[in-house]
Structures are given as C-alpha cells and as structure tokens.
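Please read all numbers here as calculations on a predicted model, not as lab measurements. Residue indices begin at 1 and follow the sequence shown.
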Amino acid sequence: MRLLLEDCDGSQPVACEVFRRVRTMILDGEIPPGSRLVERRLAEQFYVSRTPVREALKRLESEGLVCRSRDGGLTVTEVSPADAIEIFTIREVLEGLATGQAAVSRTESDLEALTAALCHMDSSALMGDEEEWGKWNLAFHERIYMAANSPRLTRLLSDVRAYLRRFTRVGFQKPGRMLDSNRGHEEILLHLSEGDAVEAEAAARRHTRRSLETILSALEGGDAHIAHTGDDSHESRCVLN
C-alpha cells in the first residue's frame with residue numbers, strides 16, 4: 001500500500017499521511033482495539049522508513065487512540081464508557097447547536113433532501129442493511145450541517161463524528177436499533193419543518209443522548225466484546241484482549 005500524499009503538512013508530509021491512514025483504520029475498526037502496532041511492520045506496509053511511522057504513532061498516542069502497554073509496546077486503546085460519555089457529550093452540544101441553527105435557515109430543498117434520506121434509512125433498516133443505513137444517516141446529518149450555514153461548526157462536528165465511528169459498531173448490535181434511531185430522526189425533521197429552533201435543538205440533543213444510552217448499555221453489559229476493566233485510567237485502556 002503505497003502512500004498518496006494529499007492534504008499533508010508541508011514539513012512532514014509522509015508522517016502526516018501515515019498518521020491519517022492509521023487513524024482512519026483505527027476509527028473504522030480495521031485495526032481493532034488491543035491490536036499491537038509495530039513500527040517495522042507499518043513501515044513495510046506503507047513503503048516508508050520507520051521515522052515517519054514513529055512520528056505518526058506519537059501523534060496517535062497524543063490523540064488517545066494509541067497507548068503504551070505494560071511491556072512498552074504500542075497498542076490501539078480500548079473503547080471505554082468514559083470515552084463514549086466524553087465524545088457524545090461534545091456531540092450533543094454541537095449537534096444541538098447546528099440543528100437549532102438549521103431550523104431557522106433551512107430551505108425547502110434541504111427539507112426535501114432530509115425527507116429523502118430518512119426514507120432511505122427506513123428501507124435500509126427494514127432490510128437490516130447497516131452499511132446502507134449508515135450512508136444515509138451520514139447524509140441526513142451532513143444536510144443539517146449544510147443548512148446551519150456555519151463552516152466552522154461543520155468542521156468541529158466532522159472531527160467529532162470521526163471518533164463516533166469507533167462506537168457505531170457497538171450501538172447497532174442491539175436488534176431494532178436502526179428503526180429506533182429513525183424515530184429520533186423523524187422528530188428532528190418535524191421540528192426543522194416547523195422552523196422551531198428550540199424544539200429542533202432539543203430533539204437533536206435527545207437523539208444523541210439515546211444513542212449514548214444504547215452504547216453504554218452495550219459496553220457495560222459486555223455485549224460489545226470490547227475490554228473494559230472498570231477503571232478508566234490510561235493504563236486500564238491499554239489491556240490486550
């Protein structure tokens with residue numbers, strides 16, 4: 001897998017690209033929690049020297065996606081309830097803000113696009129197609145961000161939603177979760193259609209809290225097959241499966 005150097009820092013483009021690729025693989029679950037990351041193997045995989053890999057791993061460690069295990073090796077951090085609470089609390093505030101703004105500035109075209117996305121989400125949920133549902137779920141939320149007309153807020157939400165990918169596989173292990181989620185989207189769309197900023201924001205925040213409750217239930221109940229020691233310290237999240 002040779003690197004394509006795109007959108008990278010001019011001083012360390014190779015390290016930037018390695019960081020971006022490995023980060024994406026971790027967030028998408030391609031490299032699962034507890035996996036050991038070895039400089040030499042990553043360098044061979046990306047056809048680069050070990051120096052940019054080392055720099056990339058330092059960035060991943062500072063971001064909390066990679067940590068040092070007891071023997072000094074680097075592993076992908078486990079997903080814990082504390083992680084979920086932190087990310088979803090941030091998401092609730094930002095998502096609520098964007099949805100409230102969208103209720104004021106949305107157009108008929110926005111409402112039509114949101115309605116179409118929700119229809120696709122309903123059909124995908126009925127077929128049990130998580131991948132297709134996820135695609136339209138993302139389209140639904142991104143249309144709200146577009147309607148909010150706040151580029152800086154959109155960038156913040158995009159960063160937060162990148163982390164959410166670590167939790168998506170956990171939350172949707174619960175049967176009927178996609179259909180339940182769609183009802184929350186229906187409520188959001190209703191208030192957007194009415195142009196009610198207060199209720200639209202409240203609906204978005206409720207929707208996010210329900211998602212968090214589902215994920216915490218899975219994590220704490222052991223349904224997610226993700227290790228959690230009961231101690232949210234930095235060391236406890238480095239335990240190998």
Side-chain angles (χ1 to χ4, degrees), residues 6-10 16-17 19-21 23-24 26-28 59-60 62-65 82-122 124 131-168 171-172 178 180-215:
E6 302 170 349
D7 304 323
C8 281
D9 184 301
C16 172
E17 182 65 8
F19 164 77
R20 190 175 69 175
R21 292 289 184 87
R23 183 178 186 266
T24 297
I26 291 172
L27 294 175
D28 286 344
R59 288 184 63 183
L60 290 166
S62 68
E63 198 168 318
L65 292 175
D83 294 325
I85 291 170
E86 179 183 21
I87 293 298
F88 275 82
T89 299
I90 295 169
R91 180 197 173 188
E92 179 185 332
V93 174
L94 297 179
E95 194 92 27
L97 176 61
T99 307
Q101 290 184 189
V104 176
S105 59
R106 91 289 183 278
T107 64
E108 287 303 315
S109 178
D110 291 324
L111 295 176
E112 289 171 4
L114 289 165
T115 300
L118 185 53
C119 286
H120 285 293
M121 290 162 67
D122 278 333
S124 300
E131 184 175 350
E132 187 71 6
W133 186 92
K135 181 181 76 174
W136 287 105
N137 175 55
L138 180 60
F140 183 93
H141 288 280
E142 287 185 338
R143 189 69 187 210
I144 291 175
Y145 308 156
M146 182 189 302
N149 195 28
S150 176
R152 291 183 180 86
L153 180 55
T154 297
R155 283 196 294 273
L156 289 170
L157 277 160
S158 294
D159 189 49
V160 171
R161 289 189 71 86
Y163 281 97
L164 292 178
R165 300 205 300 272
R166 295 198 86 191
F167 301 99
T168 300
F172 288 95
M178 287 184 285
D180 289 344
S181 181
N182 286 357
R183 303 295 76 80
H185 290 97
E186 287 177 0
E187 183 184 9
I188 291 169
L189 180 54
L190 171 64
H191 296 304
L192 287 173
S193 300
E194 295 170 342
D196 190 329
V198 173
E199 289 301 321
E201 176 173 351
R205 293 180 72 125
R206 283 194 296 272
H207 178 63
T208 300
R209 286 197 295 272
R210 285 195 293 267
S211 296
L212 174 60
E213 288 167 4
T214 299
I215 287 165

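When all heavy atoms of A200 and T99 are compared, the pair lying nearest together is O-CG2, 3.5 Å. Between A162 and L27, the shortest heavy-atom contact is O-CD1, 3.6 Å. Across L157 and A98, no two heavy atoms sit closer than the pair CD1-CB, 3.7 Å. Pairing each heavy atom of H191 with each of A203, the nearest pair is CD2-CB, 3.9 Å. Nearest heavy atoms, V104 versus A197: CG2-CB, 3.8 Å. Summarising the geometry of W133 relative to M121, their closest heavy-atom pair is CD1-O, 3.1 Å, with the distance given to 0.1 Å.
Atom-to-atom distance recorded for I87:CD1 and R166:CZ is 10.0 Å, nearest 0.5 angstrom. Taking CG of L97 as the start and OG of S150 as the end, the distance is 7.0 Å to the nearest 0.5 Å. One distance of note links CD1 of I188 with CD1 of I144; it measures 5.5 Å at 0.5 Å rounding. Rounded to the nearest 0.5 Å, atoms OG (S181) and CZ (F140) are 9.0 Å apart. Between atom CG of residue L94 and atom OG1 of residue T208 there is a gap of 9.5 Å, rounded to the nearest 0.5 Å. Here OH of Y145 is found 8.0 Å from CG of L138. Values are rounded to the nearest 0.5 Å.
In this structure a side-chain-to-backbone donor-acceptor pair under 3.5 Å is present from S105 to A147. Of the possible donor and acceptor atoms, none in the side chain of N182 sits under 3.5 Å from a partner among the backbone N and O of L118.
Considering only heavy atoms from C-beta on, E213 stays 4.5 Å or farther from F88 through its side chain. Contact annotation: the side chain of S124 never approaches that of E131 to less than 4.5 Å [non-hydrogen atoms, C-beta and beyond]. Looking only at side-chain heavy atoms (C-beta outward), M146 and T154 stay at 4.5 Å or farther from each other. Under the 4.5 Å side-chain criterion, counting only non-hydrogen atoms from C-beta, R91 is not in contact with R205. Side-chain contact between F167 and D83: present, with at least one pair of heavy atoms (C-beta onward) separated by less than 4.5 Å. Within the 4.5 Å cutoff, no side-chain heavy atoms of E199 are placed close to those of E194. In this structure, the side chains of Q101 and N149 stay at 4.5 Å or more apart for every pair of heavy atoms. At a threshold of 4.5 Å between non-hydrogen side-chain atoms, the residues E186 and D122 count as touching.
Between E17 and R21 there is a salt bridge, with a side-chain nitrogen of the basic residue lying less than 4.0 Å from a carboxylate oxygen of the acidic one. Looking at D159 and R23, a side-chain N of the basic residue comes within less than 4.0 Å of a carboxylate O on the acidic one, giving a salt bridge.
Judged as a side-chain hydrogen bond (donor to acceptor under 3.5 Å, both in side chains), and not counting sequence neighbours, the contacts of R143 are S109, D110. R206 pairs by the side-chain hydrogen bond (donor to acceptor under 3.5 Å, both in side chains) definition with E187, not counting sequence neighbours. By the side chain to side chain contact (heavy atoms under 4.5 Å, CB included) test, L111 pairs with R106, E108, L189, L192, S193, sequence neighbours left out.
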Checklist entry - Hey, mind stepping through Y163 and E86 against side chain to side chain donor-acceptor pair (under 3.5 Å) and telling me if it holds? => result CA-CA 11 Å; Y163 281 97; E86 179 183 21; over 6 Å; no
Item to check | CA sep, side-chain torsions, deciding dist, call: T24, R165, side chain to side chain contact (heavy atoms under 4.5 Å, CB included) | outcome: CA-CA 10 Å; T24 297; R165 300 205 300 272; 4.1 Å; yes
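A parallel orientation is assigned to the rings of H141 and H207, their planes being inclined by less than 30° (bins at 30° and 60°).
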